[in-house]
> 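I have a structure I would like to understand better, so I am pasting it below and will then ask my questions one at a time.
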Amino acid sequence: MNEHSLKKALSKLNIGGLRYFDSIGSTNDEALAWATDNASDFSIVIADEQTRGRGRLNRAWFTPKGSALALSLILRQFPRPYLSRTVGLAALSIAESCSGLGLAPRIKWPNDILLSGKKTAGILIETVWSGEDIDSLVIGMGINVFKESVPPAESLQFPATCLEDELGRTPPPREEIVLNVLASLFRWRNHMDSNAFMKLWEEKLAFRGEQVQAITGNDAPLTGELLGLESDGGLRLCDAQGKSVIVRFGDVSLRPGTPSVSS
Ligand code: BT5
């Protein structure tokens, strides 16, 4: 993967601009700076290696050289009232590109893509403000492609995998994967307000109908059956008393949980 091969692959899309790096701290940092400096809509930052890749809450994201996709997309055009659906937009786009390879992705709400129950991709969305208004969004996506992209198991709380292991063969070139993810995102961003968008996002959710545990910051974990999505992208659980519980915080993490404690 290099600047030339990426430009060639992405020439089929109407992108705003492309910045490619052999190595960078974090593509999201570069995209945030570029967005502040008036980057065009649908501009993209891609790196072959990240030395300070970030997850949510400043957790580290592992992107060793030559093994993964680390990209950040700057969006200026998106339906402002549906801002909270943006993580679904990114998740669906990555999921669709995995489905296109014959895999069966699931979205672990809110921002992980699972294959065979293991994390293959993560999403980090950050916002650039202009006074009270949102100027633009940066959608960071990290996708594990080759074996070397999978962090050592002992460093993880949730198991990880990559496209190469899940396909059982050499995955397509990374340029092709980026093109598919971005083409899907380009299409769906004009339909973020639609029922079809919500339906597909909900259908792709991991653990539907199962007991899960949502950890929301310092509050006690919430346990319940995962029912689906609210229209704002919040997660709907049904607790042990049969009451609906909505989880909305961006830093929720979710794992198959133990059944509820009391009744
Ligand atoms: C995420 O955070 O999953 C968001 C990851 C976003 C990464 C992209 S890469 C391009 C752009 N530039 C950046 O600097 N970031 C974005 P979170 O849900 O907080 O998960 C982070 C956790 O995932 C870490 O604490 C590790 O346990 C685990 N992890 C780190 N690297 C991983 C990898 N390559 N594959 C699977 N899990 C990983």
> Checking W109 side chain against G233 main chain: does a donor-acceptor pair fall under 3.5 Å?
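Checking the backbone N and O of G233 against the side chain of W109, a donor-acceptor pair under 3.5 Å is found.
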
> Here's a test for you: under side-chain contact (heavy atoms from CB on, under 4.5 Å), which of I125, D232, I134 qualifies with L83?
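Exactly one option meets the side-chain contact (heavy atoms from CB on, under 4.5 Å) with L83, and it is I134.
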
> Hey, does I94 have a side-chain heavy atom less than 4.5 Å from the side chain of T120?
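SC-SC contact between T120 and I94 ruled out.
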
> Once you round to the nearest 0.5 Å, how far does CG of L6 lie from CD1 of I46?
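Rounded to the nearest 0.5 Å, the CG-CD1 separation comes out at 4.5 Å.
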
> Is it the case that over 12 heavy atoms from other parts of the model lie below 6.0 angstrom from the NZ atom of K199?
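For K199, atom NZ is not crowded (no more than 12 foreign heavy atoms under 6.0 Å).
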
> Excluding sequence neighbours, so at least two apart, what forms side chain to side chain donor-acceptor pair (under 3.5 Å) with N180?
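Per chain and number, N180 pairs via side chain to side chain donor-acceptor pair (under 3.5 Å) with no residue.
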
> State, yes or no, whether a side-chain contact exists between T51 and S23 at a heavy-atom distance under 4.5 Å.
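T51 reaches S23 side chain to side chain.
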
> Could you check if a side-chain atom of K204 sits within less than 4.5 angstrom of a side-chain atom of S99, using non-hydrogen atoms only?
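Yes, side chains in contact.
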
> Does D48 come within less than 4.0 Å of R174, counting only side-chain N to carboxylate O?
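Counted as a salt bridge, because a side-chain N and a carboxylate O are separated by less than 4.0 Å.
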
> Begin from the C-alpha positions of R106 and D112 and carry the test salt bridge (charged side-chain N to carboxylate O under 4.0 Å, His left out) through to its verdict.
CA-CA 8 Å; R106 285 280 166 258; D112 295 345; over 6 Å; no

> Could you grab the distance from atom CD1 of I15 to atom CD1 of I74, nearest 0.5 Å is fine?
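So the gap between those two atoms works out to 11.0 Å.
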
> As an exercise, state the distance from OG of S149 to CD1 of I143, rounded to the nearest 0.5 Å.
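CD1 of I143 is found 10.5 Å from OG of S149.
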
> Please examine the side chains of E126 and R54, heavy atoms only from C-beta on, and report whether any two atoms are closer than 4.5 Å.
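Yes, at least one pair of side-chain atoms sits under 4.5 Å.
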
> Passes side-chain contact (heavy atoms from CB on, under 4.5 Å), K119 versus L114? Steps please.
CA-CA 5 Å; K119 183 159 171 170; L114 308 183; 4.3 Å; yes

> Any side-chain heavy atom of V145 within less than 4.5 Å of one from M1?
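Counting from C-beta outward, V145 and M1 never come under 4.5 Å.
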
> For a side-chain contact (heavy atoms from CB on, under 4.5 Å) check, start with the C-alpha distance between L235 and L205, then their side-chain angles and the critical distance, and finish with the verdict.
CA-CA 10 Å; L235 191 70; L205 282 182; 4.1 Å; yes

> Among residues two or more places apart or on two chains, list those pairs meeting salt bridge (charged side-chain N to carboxylate O under 4.0 Å, His left out) that have a residue in residues 2-11.
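The answer is E3-K7.
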
> Can you list the steps and then say if S184 with E96 is a side chain to side chain donor-acceptor pair (under 3.5 Å)?
CA-CA 7 Å; S184 173; E96 278 197 338; 2.6 Å; yes

> Kindly confirm or rule out a cation-pi arrangement of R85 over W201, judged by NZ or CZ under 6.0 Å from the six-membered ring centre and within 45° of its axis?
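The answer is no; the distance or angle limit is not met.
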
> One pair to check against side-chain contact (heavy atoms from CB on, under 4.5 Å): K147 and D165. What are the steps and the verdict?
CA-CA 7 Å; K147 289 179 193 295; D165 281 347; 2.6 Å; yes

> Does one side chain, of S72 or E30, offer a donor that lies under 3.5 Å from an acceptor on the other?
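Short answer, no.
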
> Would the distance check show the side chain of N111 and the main-chain N or O of G122 forming a donor-acceptor pair, the cut-off being under 3.5 Å?
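No.
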
> Does S26 reach the main-chain N or O of N28 with its side chain, forming a donor-acceptor pair under 3.5 Å?
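Yes: the side chain of S26 pairs with the backbone of N28.
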
> Can you find a heavy atom in the side chain of N190 that is under 4.5 Å from one in the side chain of Q77?
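Side chain of N190 against side chain of Q77, heavy atoms only: no contact under 4.5 Å found.
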
> I'd like to check W34 versus V138 (side-chain heavy atoms, cut-off strictly below 4.5 Å). Are they in contact?
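W34 does not reach V138 side chain to side chain.
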
> Is the side chain of S93 donor-acceptor paired with the backbone N or O of L89 at a distance under 3.5 Å, no angle test?
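Yes; judged by distance alone, with no hydrogens or angles, the pair exists.
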
> Checking T27 against Q50: is there a side-chain donor and acceptor pair closer than 3.5 Å?
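T27 and Q50 do have a side-chain donor-acceptor pair below 3.5 Å.
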
> I'd like to know whether D22 forms a side-chain contact (heavy atoms from CB on, under 4.5 Å) with E49, so could you lay out the CA-CA distance, the side-chain angles of the two residues, the decisive distance to 0.1 Å, and finally the verdict.
CA-CA 6 Å; D22 285 331; E49 174 190 44; over 6 Å; no

> Quick check with a 6.0 Å cut-off and a 45 degree axis cone: is R76 positioned over the face of F78's six-membered ring?
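Geometry flag: not set, cation outside 6.0 Å or 45°.
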
> Give a yes or no on whether the backbone of L229 and the side-chain of E202 come within a donor-acceptor separation of less than 3.5 Å.
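Present.
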
> Below 4.5 Å, heavy atoms only, C-beta onward: do L73 and F186 meet side chain to side chain?
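They are not in side-chain contact.
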
